[in-house]
Protein chains: 4
Amino acid sequence: MLYQETREEVLKFAVKCLEHGLIHGTAGNVSMRVPGEEAVVITPSGIPYDTLKPEDLPVVSLWGEVIDGDLKPSSETPMHTAIFRARANVNGVVHTHSMYATVMSIMQKEIPAMVPPSSAFAPVPCAPFQLPGSKELAETVVATLGEDHLACTMQNHGQITCAPTLAMAYKGAETVEECAQIAYLAYQAGSMQGLPEDARVELRRRALKGQAV
Amino acid sequence: MLYQETREEVLKFAVKCLEHGLIHGTAGNVSMRVPGEEAVVITPSGIPYDTLKPEDLPVVSLWGEVIDGDLKPSSETPMHTAIFRARANVNGVVHTHSMYATVMSIMQKEIPAMVPPSSAFAPVPCAPFQLPGSKELAETVVATLGEDHLACTMQNHGQITCAPTLAMAYKGAETVEECAQIAYLAYQAGSMQGLPEDARVELRRRALKGQAV
Amino acid sequence: MLYQETREEVLKFAVKCLEHGLIHGTAGNVSMRVPGEEAVVITPSGIPYDTLKPEDLPVVSLWGEVIDGDLKPSSETPMHTAIFRARANVNGVVHTHSMYATVMSIMQKEIPAMVPPSSAFAPVPCAPFQLPGSKELAETVVATLGEDHLACTMQNHGQITCAPTLAMAYKGAETVEECAQIAYLAYQAGSMQGLPEDARVELRRRALKGQAV
Amino acid sequence: MLYQETREEVLKFAVKCLEHGLIHGTAGNVSMRVPGEEAVVITPSGIPYDTLKPEDLPVVSLWGEVIDGDLKPSSETPMHTAIFRARANVNGVVHTHSMYATVMSIMQKEIPAMVPPSSAFAPVPCAPFQLPGSKELAETVVATLGEDHLACTMQNHGQITCAPTLAMAYKGAETVEECAQIAYLAYQAGSMQGLPEDARVELRRRALKGQAV
């Protein structure tokens, strides 16, 4: 049963977000495309992850209708499903309010690729402010991600990552926050100097092939 | 027995403050109105929370006289009871010395609502300095909170939150500290730009109705 | 047997320094006067605290000669014993390399009493640089502490606290670090404004009487 | 069997790097010369340390060819082996992406010896950027370390330490990160003032003899 396996993956990475301090309380959400189906498993609205069992997680269509499960899906479901509709090769999405990514979004600064591990996800553009949960936010984020970006920040709100696998989207959330902290500290010292561009392109190529960077 | 249940709630959230780094040692205090009575349970003065049983917690009147319990109530009892007297819909109060809220109080800066989860508690005004434990501090804090604010900072001292439930006041203490850190970091980068005002008003409305923001 | 009880106290607070991040590895030291004797228990040189039993701790005279125990006393023993000789009412000393106290020492800034709990220990003066372990460092620290200070920083080195009890000296080490972080952050924002002086004097009076501040 | 003991040491310190936050995920690597042989044990590429047994660790020659083990050695093996070839008295190497060392590398600032424990490893020079895993990076790091340095940072990348023992190289990684944070905070306050030079030389002499500093 594919729903069950996908639910286990989503809950596993939602709990990892909590444990690594990327998500506090219920302020964030995690989703994954059910393999081979037009369906998405997403964390529910307002329920602490550590009280959930995998079978509690809602399954929704690519347009956000509930297909399975009793709990209300995350209020940010429109943003997640819009990404899955727009980007056929994206299978996992992670949205968090991590500290430095949020601060960089308020500064409305793109986060450069400061170090090799960030090269697949950075530069991270900033989507202009829209109301949480709104259709406008979903559209703005999809437009900011475009065809290639795997991450963006959302002004006065947080960050979102998407990738071919949920594991990679989770890794991206960690990496974007680490890169945002490096960028902030370097910015304050007058040196927000990213990787040389040719190095970034080469490292991104390697990262997308799964090689060590 | 209502005292016992209220004492359990107060101790639970006092311990949460410790575990989440909002309170160090005994530097902070937590209180809750006993449902339907003119009485308040408050943490005792100078006793580490992890050595307390619920029945140890003092019960005081709305004017601070001890009604039940052998331990001395917190030295900040006048401030807690003054809030309960002034604000009939407040049932929980949390006071902590959390780092960034304290720093913002020293800078005498109002903390703007930087991100959606802070919209119910921010903007957070700053109450001018008064001696800890004094009647003047209680009056100044009540005046600063006014009729609507759910949080204020106290200059060179810390932060205080109040809400219809103790759970919400606790959540507020976490949120105010997180928002204070975001505000401080953005201020240092020259960008302490809060949520657009119409968004803040809408998100506050949702938060007070218990909806996800 | 007084040595044993004193050794247990010293080891207990040395381990607390580790657990609270005030001491990393073996970079710090803790000592206590043996009640009623001209003798001091001090942590040994270069041995991780979590491998020690109380009976391993060296006992030295007020002039630093080993009285009991096989391990070499801390290389900073001259500084500890000089304080015990100079200040009859001091019974506990804690020296750590905590981050923000060290940074403030490099800035050669006195740490003001930024918040009520720091009023017994602040303002914290800065002793000029001397070589670790030297007689000159011991003399400089004693001179900087003078008759009344319970804490000072040591330039490019760390902080030291002394108090009537070891428990209070430990509490001071925590409080000085917290106050140093507040002072640093406020300084960076152009607002290193301490408590009003009359409040500080009153709060120090209360703290030294053991009252809540 | 020397391979086994060396593998146990390497895994022990790799796990310590994880536990102390110097390495996140698999972003870093640890190696040790097999005593008396022209062989090096190094952590494998892309495998989380907490899933490894000592016997899984690759053994490579001083020129990087795999001698024993089924896993692929770290992509930074050329840098590690280049150091072992160039410095006969180096037996342990630790490379991490720790936060403040990385930020200082982006600022292209040498990290001064800010406090006594850093005197053996600082000043820490910065090697100019080269692609991770490249022969050019290996050469640049060896040139930057020269004959005497026990640590350098690598621009937009991280830090590397080397020492007569792996335990000391690990200690160096901790110390360099702590010193980098002190230096960054002091730099931001306009006071990146290291130890007096004569004190640094004396303390380095002591540290290399294994004395307390």
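Numbered from 1 within each chain, the chains take letters A, B, ... in sequence-line order.
- The heavy-atom pair separating Val115(C) from His157(B) by the smallest distance is CG1-N, 4.2 Å.
- Proximity to chain C involves both the backbone and the side chain of Ile106(B), based on heavy atoms less than 4.5 angstrom apart.
- No other option in Glu178(C), Gln181(C), Lys171(C) has as many heavy-atom pairs under 4.5 Å with chain B as Gln181(C).
- Arg206(C) and Pro132(B) get closest at one heavy-atom pair: NH1-O, 3.3 Å.
- The number of heavy-atom neighbours closer than 6.0 Å to CG of Asn89(C), taken from other residues, nucleotides and ligands shown, is above 12.
- The CE atom of Met114(C) sits 8.5 Å away from atom OG of Ser105(B), with the distance rounded to the nearest 0.5 Å.
- Counting heavy atoms from C-beta on, the side chains of Ser191(C) and Gln108(B) never come closer than 4.5 Å.
- Checked by atom type and distance alone, the side chain of Tyr184(B) never pairs as donor or acceptor with a backbone atom of Ala186(C) at under 3.5 Å.
- Distance alone, capped at 3.5 Å, is enough to place a donor-acceptor pair between the Gln188(B) side chain and the Gln188(C) backbone.
- For the pair Ile182(C) and Thr102(B), the tightest heavy-atom approach, listed with the atom from each and the gap, is CD1-CG2, 4.0 Å.
- When heavy atoms are compared at a cutoff of 4.5 Å, Pro117(C) approaches chain B solely by way of its side chain, counted from C-beta outward.
- Rounding to the nearest 0.5 Å gives a distance of 8.0 Å between CG of Asp198(C) and CG of Leu131(B).
- Contact of the Met107(B) side chain with the Gln193(C) side chain is not registered, since no non-hydrogen atoms from C-beta on lie closer than 4.5 Å.
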